[in-house]
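All of these numbers come straight from a predicted model, not from anything done at the bench. Here is how names work: the chains are called A, B, and so on, in the same order as the sequence lines, proteins then strands, and each is numbered from 1.
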Protein chains: 2
Amino acid sequence: MRIGELAERVGTSVKTIRYYDRIGVLTPTERSGSGYRLYGEDAPDRYRFVRAAQAVGLRLGEIREVIALRDRGETPCRFVAELIGARAAELDERIAELEVLRGELRALARRAERLDPRSCDPRLVCHVIDTGS
Amino acid sequence: MRIGELAERVGTSVKTIRYYDRIGVLTPTERSGSGYRLYGEDAPDRYRFVRAAQAVGLRLGEIREVIALRDRGETPCRFVAELIGARAAELDERIAELEVLRGELRALARRAERLDPRSCDPRLVCHVIDTGS
DNA sequence: CTTGACTCTCCCCTGCAGAGGAGGGTTTAC
DNA sequence: GTAAACCCTCCTCTGCAGGGGAGAGTCAAG
């Protein structure tokens, strides 16, 4: 099938499919004589794999490596497991950071309610945000 | 003081201060005859305000609006409180999303341990990641 | 044989917060 | 008077995942 049909079948844009070809995560099976990208029947599944991998936080560059491994005949499972582990650890860190930030925002919101705008120091921008100085 | 001294006093780069001028969050008090940016004594505090506001998740575009409000003689406290509230709500959503994702990653990691690489379907890329099809 | 839909490559644009460097003018100290 | 340090504007680049459009070639139906 050609690029337009593939895009429509999986519900994405032609631009995206071309982009995936360019970065090597979804290359066409072959090219027609006039240069059109031609995709086999497995292309929708490949596309869905890319999307599913993105959905669990893998980046397209990593997905490309997984697919390259696979195309060299290796089973990328261990590599995928490593990527997922790394992403999970990053996620833990990120969530912890955001929770700290959320705590600070809550404190700030309470402070903003308590403070009287008229008590604002004209030399500072806004007393709600503490500059530490 | 000139830009280099300000940058050194607050511990940042000259590039950053120039950028803050360009986007309007930290404009110099005046310019010298030769075009040099000249900053008053309150510049370090203004800079620290910008950084503190960034630290609680405000974007420079929003900080600019806060400062513009302030420079028009208004007290931006209510506006700041709104921004902080909005940011807190976004944060709650984001954290919830990440926690869902973390749960999925955990499940995936367990699945990857259980699965035998040799059981991989050769037509698919990797059975660890479920494409839903 | 022509029209319209489809496709190609190539290049620029987005958001965010700057970093890096070119090519030139200014100030300060010796 | 000159060398070092400082400053200016302007331009491009970063990461990530594409979007928008120009200009040209291709394919199928009527």
Discussion item. Nearest whole Å is fine: how far is dG15(C) P from Tyr19(B) OH?
Written reply: 11 Å

Worksheet item: Just to confirm, is there a sub-4.0 Å distance from OP1 or OP2 of dT27(C) to any side-chain nitrogen or oxygen of Ser34(B)?
Response: yes

Worksheet item: Across the strands shown, which category fits Arg37(A) at heavy-atom distances under 4.0 angstrom: base, sugar-phosphate, nothing?
Response: sugar-phosphate

Practice prompt. Go through the N and O atoms of the side chain of Tyr20(A) and the base of dG18(D), and report whether any donor-acceptor pair is under 3.5 Å.
Written response: no

Worksheet item: Of the nucleotides dG18(C), dC7(D), dG18(D), which one has an atom closest to the side chain of Arg22(B)?
Response: dG18(C)

Worksheet entry | Sorted by number, the residues of residues 55-65 of chain B with heavy-atom contact under 4.0 Å to DNA chain C | Arg59(B), Leu60(B)

Worksheet item: Looking at Asp71(A) and Arg46(A), does any basic side-chain N land under 4.0 Å from a carboxylate oxygen?
Response: yes

Worksheet entry | Which atom of Val128(A) lies closest to which atom of Leu108(A), heavy atoms considered | O-CD1, 3.7 Å

Discussion item. Tell me the interatomic distance from Leu38(B), atom CG, to dC6(D), atom P, rounded to whole angstroms.
Written reply: 16 Å

Discussion item. Heavy atoms from C-beta onward define the side chain here; which of dG18(C), dT7(C), dT28(C) lies closest to that of Arg2(A)?
Written reply: dT7(C)

Discussion item. Counting only heavy atoms not in Glu8(A) (residues, nucleotides, ligands), do more than 12 fall under 6.0 Å from its CD?
Written reply: no

Worksheet, complete the sentence: Atom NZ of Lys15(A) and atom C1' of dC16(D) are separated, to the nearest Å, by 17 Å

Worksheet item: Is Arg48(B) paired with Asp42(B) through a side-chain N to carboxylate O contact shorter than 4.0 Å?
Response: no

Worksheet, complete the sentence: Exactly one candidate in Glu5(A), Met1(A), Arg2(A), Glu30(A) meets side chain to side chain contact (heavy atoms under 4.5 Å, CB included) with Tyr39(A); the answer is Met1(A)

Item to complete: Let me know the distance between CZ of Arg31(B) and C1' of dC6(D), rounded to the nearest Å.
Response: 15 Å

Practice prompt. Would you kindly compare Gly35(A) and Gly33(B) by the position of their nearest DNA chain C nucleotide and give the one closer to the 5′ end?
Written response: Gly35(A)

Item to complete: Among the candidates dT9(D), dC10(C), dG18(C), find the nucleotide nearest to the side-chain atoms of Arg18(B).
Response: dT9(D)

Worksheet item: Roughly, in whole Å, what's the span from CD in Glu30(A) to P in dT7(C)?
Response: 16 Å

Discussion item. Under a 4.0 Å threshold between the charged nitrogen and the carboxylate oxygen, would Glu62(A) count as salt-bridged to Arg87(A)?
Written reply: yes

Practice prompt. Give the nucleotide from the list dG18(D), dC8(C), dC7(D) with an atom nearest to the side chain of Ile3(B).
Written response: dC7(D)

Fill in: Sidechain N-carboxylate O distance under 4.0 Å for Arg18(B), Asp21(B)
no

Practice prompt. Give a yes or no on whether a salt bridge exists between Glu41(A) and Arg9(A), defined as a side-chain N under 4.0 angstrom from a carboxylate O.
Written response: yes

Worksheet entry | Distance test, side-chain N/O of Ser13(A) to OP1/OP2 of dG19(D), below 4.0 Å | yes

Response to the item:
When rounded to whole Å, the CD to P distance for the pair Glu8(B) and dA5(D) reads 14 Å

Worksheet item: Which of the following nucleotides, dT9(C), dC7(D), dG19(D), is nearest to the side chain of Tyr36(B)?
Response: dC7(D)

Practice prompt. Please figure out whether Ser32(B) or Gln54(B) has its closest DNA chain C nucleotide nearer the 5' end.
Written response: Gln54(B)

Discussion item. I need the CE-P distance between Met1(B) and dT28(C), as an integer number of Å.
Written reply: 16 Å

Practice prompt. May I ask you to say what Ile23(A) touches in the nucleic acid, namely base, sugar-phosphate or nothing, with a heavy-atom cut-off under 4.0 Å?
Written response: nothing

Worksheet entry | Interatomic distance, Ile17(A) CD1 vs dT7(C) C1' [rounded to whole Å] | 14 Å

